[in-house]
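Here the structure is laid out as structure tokens; the discussion comes afterwards.
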Amino acid sequence: MTDFLDLGMHIYRTHTCNELRATHAGDTARLSGWVFRKRDHGGILFIDLRDHYGVTQVVVHPSRPFFDELTRLHVESVITVTGSVTRRDPETVNPDIPTGEVELVAEACTVESVAEVLPLVLAGEEEAGEEARLKYRFLDIRRDRVHRNLLLRSGVISHVRRQMEAQGFHEYQTPILTSSSPEGARDYLVPSRVHPGKFYALPQAPQMFKQLLMVGGFDRYFQIAPCFRDEDARADRSPGEFYQLDIEMSFVTQDEVFAVVESVLHSTFTRFSGKTVDSAPWRRIPYREAMLKYGSDKPDLRIPLEMCDVTEVFRQSGFKAFAGAIASGAVVRALPVPGIKTQPRSFFDKLVEYAMGLGAKGLAYLVWDGDVVKGPIRKFLTDAELGALAQAGAMRDGDVMFFFCDEASAAARVGGDIRCKLGRDLGRVEKDVFRFCWIVDFPMYERDSETGAVAFSHNPFSMPQGGLEALDAADPLSILAYQYDVVCNGVELSSGAIRNHSPEIMYKAFALAGYSREDVESRFGCLLNAFRYGAPPHGGIAPGIDRMVMLLAGEENIREVIAFPMNQKAQDLMMQAPATVSEKQLRELHIQLRGAPREAGQAKAPPAQKEP
RNA sequence: GGGGGAGUGGCGCAAUUGGUUAGCGCACCGGACUGUCGAUCCGGUGGUUGCGGGUUCGAGCCCCGUCUCUCCCGCCA
């Protein structure tokens with residue numbers, strides 16, 4: 001192949017594997033990439049050569065000296081091929097790939113890297129198990145689907161940055177090694193070598209820093225910010241670490257924060273998907289209304305079903321199971337579902353079973369069939385009561401109404417779950433659409449279900465609606481906060497708030513949750529202190545980047561949009577993290593382990609022998 | 001911390017529900033083949049059914065323990 005090297009060509013490639021077209025026919029070209037597929041006809045060998053950009057077919061004739069070597073070469077080996085770009089015969093054109101009109105007829109070839117037999121299959125539809133995929137993630141991300149997801153992620157982040165900057169925001173970095181925060185999720189701790197017995201913490205979010213940037217006069221902050229929380233994973237929640245589009249603004253109202261997010265998210269979702277995206281302004285749903293109608297503070301608005309409260313209809317009714325529960329504080333929520341009276345009995349029986357699996361004591365329902373109402377609880381109700389229910393749910397022939405009777409939060413939880421299940425099972429989830437909404441007016445406080453004490457329901461730094469005076473309310477649970485969530489298709493993308501920038505209001509707000517002045521000073525002294533030297537009213541929000549990309553990619557699991565994710569137990573199976581460390585490292589950090597680590601054999605040095 | 005599902009050659013799956021030699025596809029090795037694009041055809045190698053114990057004439061299947069993965073609840077201001 002020295003002849004070709006002498007032509008002054010780049011030693012690896014003159015084009016990518018997605019560049020050659022019919023117009024290149026007759027040219028000499030050089031490509032490098034992975035052997036994606038081989039088709040060996042004995043007398044002729046076809047290789048699909050793949051790189052980041054695409055696939056090009058390489059043709060190898062048996063007269064070539066490298067023919068035998070390429071025949072035996074394993075897929076995913078890396079080669080450089082030089083040859084002439086040749087137009088394919090009309091009947092051999094491959095319309096499925098952009099380079100399908102041509103092929104590269106190999107004249108010279110270098111094997112750059114021989115691949116061993118792969119531990120997982122890359123070509124085709126088959127997907128390896130999670131464990132294998134994560135252990136060999138560097139192979140897994142060669143697969144087209146994951147590769148495209150990561151490109152999408154890159155595009156989304158780039159686009160978001162441009163949008164934020166166009167709106168006058170600036171990106172600032174905040175510390176990764178910081179101090180442990182007393183509220184919220186468990187921190188990841190990092191021991192200090194210089195200060196024996198002391199620890200840094202990784203930030204759960206740059207919350208304090210972005211507020212301090214506002215105090216520092218920067219006005220419009222954003223950051224694609226890494227966040228670290230030592231909490232257990234979910235399908236839509238990456239364990240350990242994730243990224244937020246962290247935003248904070250000075251001298252703003254809640255509506256101005258909404259306008260920024262609506263603009264950026266609408267632009268991003270429109271640009272990176274073909275689906276319909278709700279145009280701004282998005283629906284604002286008060287928290288209590290969301291819990292009543294959808295049984296959730298992250299309602300999936302693609303499902304055209306809504307609950308209503310029918311407690312009063314049942315309070316004095318002859319249906320003692322409900323009336324009795326209502327007398328001791330329960331509510332009754334009704335979910336009308338149009339046009340399902342023809343569903344078989346088994347449909348309803350399974351649903352009852354499902355509801356009981358969720359912790360409900362049962363699932364009552366009524367069927368509107370022509371002029372009559374049927375169902376297991378029909379006999380307990382008067383015509384007047386049935387009329388009231390029909391009116392509450394706008395019931396028509398063929399409709400069915402389900403009832404959830406329980407303490408309010410349990411009724412909402414079960415009803416909300418069944419609303420979503422019915423939406424899915426009945427095929428009534430609106431397709432190809434991103435439905436956004438804001439959940440607003442979150443309560444400032446809630447009652448701790450275990451202790452019964454009044455506790456912050458969300459962010460303790462939120463401004464109570466009505467300010468200082470509002471905190472004098474007789475019932476703290478009635479106080480609302482300038483606290484909001486943005487929700488898309490049933491996925492919570494973000495929480496945010498207008499912050500409490502007044503030390504006096506902070507003391508009082510914390511006092512209601514049982515914190516003394518001294519508690520507040522010691523736990524949040526830095527922020528409190530900053531607010532004593534001139535703090536602008538400010539607020540912000542922090543949409544989750546991973547979840548946005550997950551929605552745009554149409555993936556069910558957040559790992560599919562992260563290059564090197566950890567598994568559910570927060571282990572990196574590829575890098576083998578977390579891992580034991582040497583005794584020397586521990587000594588430098590003034591750390592003595594309480595017990596011998598179970599996999600002590602993997603440590604390079606013996607673990608600490610003494611118990612503390 | 002709790003509950004559900006799963007673990008069978010390198011990979012993805014099956015095994016008539018306790019029955020004889022654990023099958024299939026891909027990959028791998030060998031052979032045939034000059035136009036395929038998931039090439040095709042012929043032949044072959046490869047398995048202590050996660051691990052340990054138990055029940056049974058007999059266990060991939062049932063029971064107990066244990067490990068691993070996954071989904072959910074708790075948790076995630």
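Every heavy atom of this structure was used, including side-chain atoms; hydrogens, water molecules and symmetry mates were not. From a predicted model like this one, the values you see are computed outputs, not experimental measurements. All chains are named by letter (A, B, ...) in the order of the sequence lines, taking the proteins before the strands, and each is independently numbered beginning at 1.
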- Query: Is the ring of A:His41 stacked on the base of B:G35, with centres less than 5.5 Å apart and planes under 30° off?
  - Reply: no

Would you say [X] places a side-chain N or O within less than 4.0 Å of OP1 or OP2 belonging to [N]?
{"X": "A:His74", "N": "B:C26", "result": "no"}
{"X": "A:Asn557", "N": "B:C71", "result": "yes"}
{"X": "A:Lys38", "N": "B:A39", "result": "no"}
{"X": "A:Arg39", "N": "B:A39", "result": "yes"}
{"X": "A:Arg547", "N": "B:C76", "result": "no"}
{"X": "A:Arg37", "N": "B:A39", "result": "yes"}
{"X": "A:Gln571", "N": "B:U68", "result": "no"}
{"X": "A:Gln57", "N": "B:U36", "result": "no"}

Below 3.5 Å, does any donor atom in the side chain of [X] face an acceptor in the base of [N], or the other way round?
{"X": "A:Asp232", "N": "B:G74", "result": "yes"}
{"X": "A:Arg88", "N": "B:U36", "result": "yes"}
{"X": "A:Arg237", "N": "B:C76", "result": "yes"}
{"X": "A:Glu103", "N": "B:G35", "result": "yes"}

Base, sugar-phosphate alone, or nothing: which one does [X] contact when heavy atoms must sit under 4.0 Å apart?
{"X": "A:Leu45", "result": "nothing"}
{"X": "A:Pro119", "result": "sugar-phosphate"}
{"X": "A:Gln204", "result": "nothing"}
{"X": "A:Glu131", "result": "sugar-phosphate"}
{"X": "A:Asn459", "result": "sugar-phosphate"}
{"X": "A:Gly100", "result": "nothing"}
{"X": "A:Arg559", "result": "sugar-phosphate"}

- Kindly label the base of B:U55 as syn or anti, based on whether its glycosidic torsion lies within 90° of 0. anti

Between [X] ([atom1]) and [N] ([atom2]), how many Å, whole number?
{"X": "A:Leu73", "N": "B:C29", "atom1": "CG", "atom2": "P", "answer": "10 Å"}
{"X": "A:Arg137", "N": "B:C69", "atom1": "CZ", "atom2": "C1'", "answer": "15 Å"}
{"X": "A:Asp68", "N": "B:C33", "atom1": "CG", "atom2": "P", "answer": "13 Å"}
{"X": "A:Glu231", "N": "B:G1", "atom1": "CD", "atom2": "P", "answer": "14 Å"}
{"X": "A:Glu116", "N": "B:A27", "atom1": "CD", "atom2": "C1'", "answer": "14 Å"}
{"X": "A:Leu573", "N": "B:C69", "atom1": "CG", "atom2": "C1'", "answer": "9 Å"}
{"X": "A:Leu139", "N": "B:G12", "atom1": "CG", "atom2": "P", "answer": "14 Å"}
{"X": "A:Asp40", "N": "B:C29", "atom1": "CG", "atom2": "C1'", "answer": "14 Å"}

[atom1] atom, [N] versus [M]: distance in rounded Å?
{"N": "B:C29", "M": "B:C69", "atom1": "P", "value": "32 Å"}
{"N": "B:C13", "M": "B:U8", "atom1": "P", "value": "9 Å"}
{"N": "B:G23", "M": "B:G46", "atom1": "P", "value": "13 Å"}
{"N": "B:G65", "M": "B:G58", "atom1": "P", "value": "23 Å"}
{"N": "B:G47", "M": "B:C24", "atom1": "C1'", "value": "14 Å"}
{"N": "B:G1", "M": "B:G10", "atom1": "P", "value": "32 Å"}
{"N": "B:U49", "M": "B:G18", "atom1": "C1'", "value": "15 Å"}
{"N": "B:G50", "M": "B:U68", "atom1": "P", "value": "16 Å"}

In the strands shown, is [N] matched to any nucleotide by a Watson-Crick or G-U wobble pair with both distances under 3.5 Å, and which?
{"N": "B:G25", "answer": "B:C11"}
{"N": "B:U40", "answer": "B:A32"}
{"N": "B:G65", "answer": "B:C51"}
{"N": "B:C75", "answer": "none"}

- When you get a sec, tell me which of B:U70, B:C28, B:C75 is the closest nucleotide to the side chain of A:Arg234? B:C75

- Short side-chain donor-acceptor distance under 3.5 Å, A:His74 and A:Glu116: no

If you look at every heavy atom in [X] and [Y], which pair is closest and at what distance?
{"X": "A:Val85", "Y": "A:His24", "answer": "CB-O, 3.5 Å"}
{"X": "A:Arg87", "Y": "A:Val102", "answer": "CA-CG1, 4.2 Å"}
{"X": "A:Ala481", "Y": "A:Gln465", "answer": "O-NE2, 2.9 Å"}
{"X": "A:Ala355", "Y": "A:Ile418", "answer": "CB-CD1, 3.6 Å"}
{"X": "A:Ala509", "Y": "A:Asn500", "answer": "CB-ND2, 4.5 Å"}

- Message: Here's one to test your reading of the geometry: is the NZ or CZ of A:Arg499 within 45 degrees of the ring axis of A:Phe461 and under 6.0 Å from its centre?
- Response: no

- Message: Please verify the inter-ring angle class for A:Phe258 with A:Tyr484; under 30° counts as parallel, over 60° as perpendicular, anything in between as tilted.
- Response: perpendicular

- Should the pair A:Phe510 and A:Tyr515 be assigned to parallel (<30°), tilted (30 to 60°) or perpendicular (>60°) ring geometry? perpendicular

- Query: Mapping A:Asp89 and A:Gly129 to their closest nucleotides on RNA chain B, which lands nearer the 5' end?
  - Reply: A:Gly129

- Result for 5'-nearest mapping on RNA chain B, choosing between A:Val121 and A:Glu130, is A:Val121

